[in-house]
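First up is the structure itself, then whatever we jot down about it.
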Number of protein chains: 2
Amino acid sequence: MSESLNKNHDRYFVPGLARGLRVLEVIAQADQPLTIAEIGKKLGISRSSAFRITYTLSYLGYLSSDKGDKLYELGPRVLDLGFSYLNRQDIIKLAKPYLEKLRDQTDVSSHLAIRDGKEVLYLDNIISRSSFVSNITTGDRRPIYATPLGWILLGDLSETSIRKLFEGDQFKILTPHTPKNIDELINRVRAAREQGYVISRGFVQRGGSTITAPVLNEIGKVVAVIDISAPDSAFSFDKMDSFYVPAVVDTAREISKNLGHRG
Amino acid sequence: MSESLNKNHDRYFVPGLARGLRVLEVIAQADQPLTIAEIGKKLGISRSSAFRITYTLSYLGYLSSDKGDKLYELGPRVLDLGFSYLNRQDIIKLAKPYLEKLRDQTDVSSHLAIRDGKEVLYLDNIISRSSFVSNITTGDRRPIYATPLGWILLGDLSETSIRKLFEGDQFKILTPHTPKNIDELINRVRAAREQGYVISRGFVQRGGSTITAPVLNEIGKVVAVIDISAPDSAFSFDKMDSFYVPAVVDTAREISKNLGHRG
DNA sequence: AACATTTGTTTTATATACAAAACTTAAGGA
DNA sequence: TCCTTAAGTTTTGTATATAAAACAAATGTT
């Protein structure tokens with residue numbers, strides 16, 4: 001019911017702050033506005049504390065309580081932090097024209113993503129003009145072990161770093177191609193690094209295909225990853241190696257080159 | 001140097017939470033990563049408190065400290081709240097196809113916005129295909145008194161509500177068309193409400209034009225506003241009344257109609 | 001309609017978050 | 001090299017944030 005609330009996890013923890021952010025997260029994840037009592041239950045804190053936190057968050061615009069002041073949902077203020085973060089990621093602005101060109105060449109959607117811990121975080125989403133509705137939007141996260149994007153991103157870490165990162169984790173098997181354990185994951189990562197790109201057919205989603213390649217900075221560190229991805233029907237599979245792969249790899253290389261110049 | 005930190009503004013305030021969010025805001029607004037000492041100075045809190053807050057925020061992923069652990073910037077976690085908010089705004093999904101159609105008809109950029117207090121908040125931004133680089137992106141805010149979008153949005157408030165909202169405020173005059181005081185603003189709002197739309201030529205920005213119309217819910221409340229906007233050169237001014245205005249007004253009406261059906 | 005439950009709000013005694021001060025590094029200038 | 005200043009970290013006494021308990025209002029049930 002309630003994950004342990006990291007009480008004095010370290011002696012420098014500010015509990016009021018941690019709890020307030022947990023409240024925002026819980027409300028963000030809930031699929032409907034929550035009452036004070038529900039928030040308290042979900043976090044395992046007293047109603048009075050939940051009351052004080054929602055009071056503070058509402059005052060600051062991070063929560064808004066519409067229907068008769070009883071139900072709390074996210075307030076518009078939360079947008080500011082997110083977009084401020086996005087606007088700071090120079091790689092988005094830098095990569096966008098290249099990704100658009102790639103989309104136009106291939107007529108499938110292209111994406112830009114980075115690693116955040118054990119997750120892939122999508123930073124941009126250039127949708128196909130023939131517009132199959134994409135199931136990915138900016139800000140989405142996916143488990144890093146389960147996607148080709150992730151295998152490329154992990155290529156930057158040593159084997160021991162990867163083992164430490166996933167220590168004790170159970171991999172949820174999403175498709176027949178999902179690595180079943182750390183060893184299989186490490187093989188995937190190594191293969192991806194050696195090849196310099198990943199082609200996947202139905203790895204992440206049945207009937208969907210992806211081609212993925214890394215964006216490197218001046219010292220060869222993997223700072224981001226790009227892909228093109230679409231239902232199989234959108235690809236001409238006979239042109240996979242001759243056309244799609246070079247298109248993605250070259251685009252990644254161009255972005256990498258310009259990254260070196262500026263950043 | 002430091003805005004007064006709302007000490008026990010009310011007895012239910014959670015100061016640790018309020019300060020933590022202020023830290024995030026200050027870092028979001030700064031144009032470079034900040035040190036603990038700088039954060040403390042900006043907020044008027046002690047270094048030790050700034051240390052504990054950044055410690056907590058970093059642990060939770062809301063801050064990241066790259067360069068040698070001394071400089072703090074926003075962490076990727078801040079994205080989750082923002083996008084969760086956006087995904088919850090059904091009006092965005094609902095309005096998008098209509099705005100795209102409007103963009104295609106007129107070949108200028110179109111936008112969707114709502115009111116947040118004294119600000120206009122942009123929720124979507126459909127850029128022109130002939131793509132003059134738009135100076136507006138999702139998440140942007142503008143002072144509500146200074147823009148036609150704002151005059152429409154304020155149409156939902158009574159005159160006394162408007163006076164209360166801006167009580168004691170000084171209006172910064174951005175263009176010759178900016179209302180100089182509350183009375184002028186109220187005239188603009190009234191005119192906008194009576195006309196049902198606003199045409200502006202260079203009101204907000206020199207050489208730029210906008211046409212704006214309200215989105216209403218089933219009981220006639222203004223819940224959002226749409227516009228098309230571009231440099232003057234993108235418009236054919238002889239078709240202003242015959243083509244552009246009806247296009248925007250009709251689109252707003254269609255969105256309003258569908259809003260009633262679903263929400 | 002009466003009772004029982006649940007939820008939001010207020011009070012309050014006490015556990016603890018906070019700022020000041022002490023300590024530790026690091027950087028810069030003389 | 002030594003001295004000074006500034007910044008990050010740790011400790012600590014005290015002001016205060018907090019959870020429990022009390023209260024009030026609303027909602028649900030028999």
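Throughout, a chain's letter reflects where its sequence line sits, starting with A, and its residues are numbered from 1.
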When rounded to whole Å, the CG to P distance for the pair A/L63 and C/dG8 reads 14 Å

Below the 4.0 Å mark, does D/dT9 have OP1 or OP2 next to a side-chain nitrogen or oxygen of A/Y12? no

Phosphate contact (C/dA26 OP1 or OP2) by B/K70 side-chain N/O below 4.0 Å: no

So, B/Y145 and B/D169: side-chain donor and acceptor under 3.5 Å apart, yes or no? no

Do A/S64 and A/Y72 touch side chain to side chain, with heavy atoms closer than 4.5 Å? no

For A/L17 and for B/T35, find the nucleotide of DNA chain D with the closest heavy atom, then tell me which residue's nucleotide is more 5'. B/T35

Are A/R52 and D/dA17 close enough that a side-chain N or O sits under 4.0 Å from OP1 or OP2? no

Atom NZ of B/K41 to atom P of D/dA6: distance rounded to whole Å? 8 Å

Look at B/R19 and C/dC18 and indicate whether a side-chain polar atom (N or O) is within less than 4.0 Å of OP1 or OP2. yes

Distance check needed: D/dT10 P versus A/F13 CZ, whole Å only. 16 Å

Rounded off to whole Å, could you give me the CD-to-C1' distance for the A/E38 and C/dG8 pair? 13 Å

A/S84 and A/R88: side chain donor to acceptor below 3.5 Å: yes

B/Y55 OH to C/dA17 C1': how many Å, rounded? 15 Å

Give the rounded distance in Å between these two atoms: CG of A/L71 and P of D/dT27. 12 Å

What is the distance from CD1 of A/I53 to C1' of C/dG8, rounded to the nearest Å? 15 Å

Both A/A37 and B/S48 contact DNA chain C. Taking the nearest nucleotide for each, which residue is further toward the 5' end? A/A37

Under a 4.5 Å cut-off applied to non-hydrogen side-chain atoms, are A/T56 and B/Y12 in contact? no

Interatomic distance, B/F51 CZ vs C/dA22 C1' [rounded to whole Å]: 15 Å

Charged N to carboxylate O below 4.0 Å: is that the case for B/R163 and B/E159? yes

Residue A/R47, side-chain atoms from C-beta onward, closest of C/dG8, C/dC18, C/dA22: C/dG8

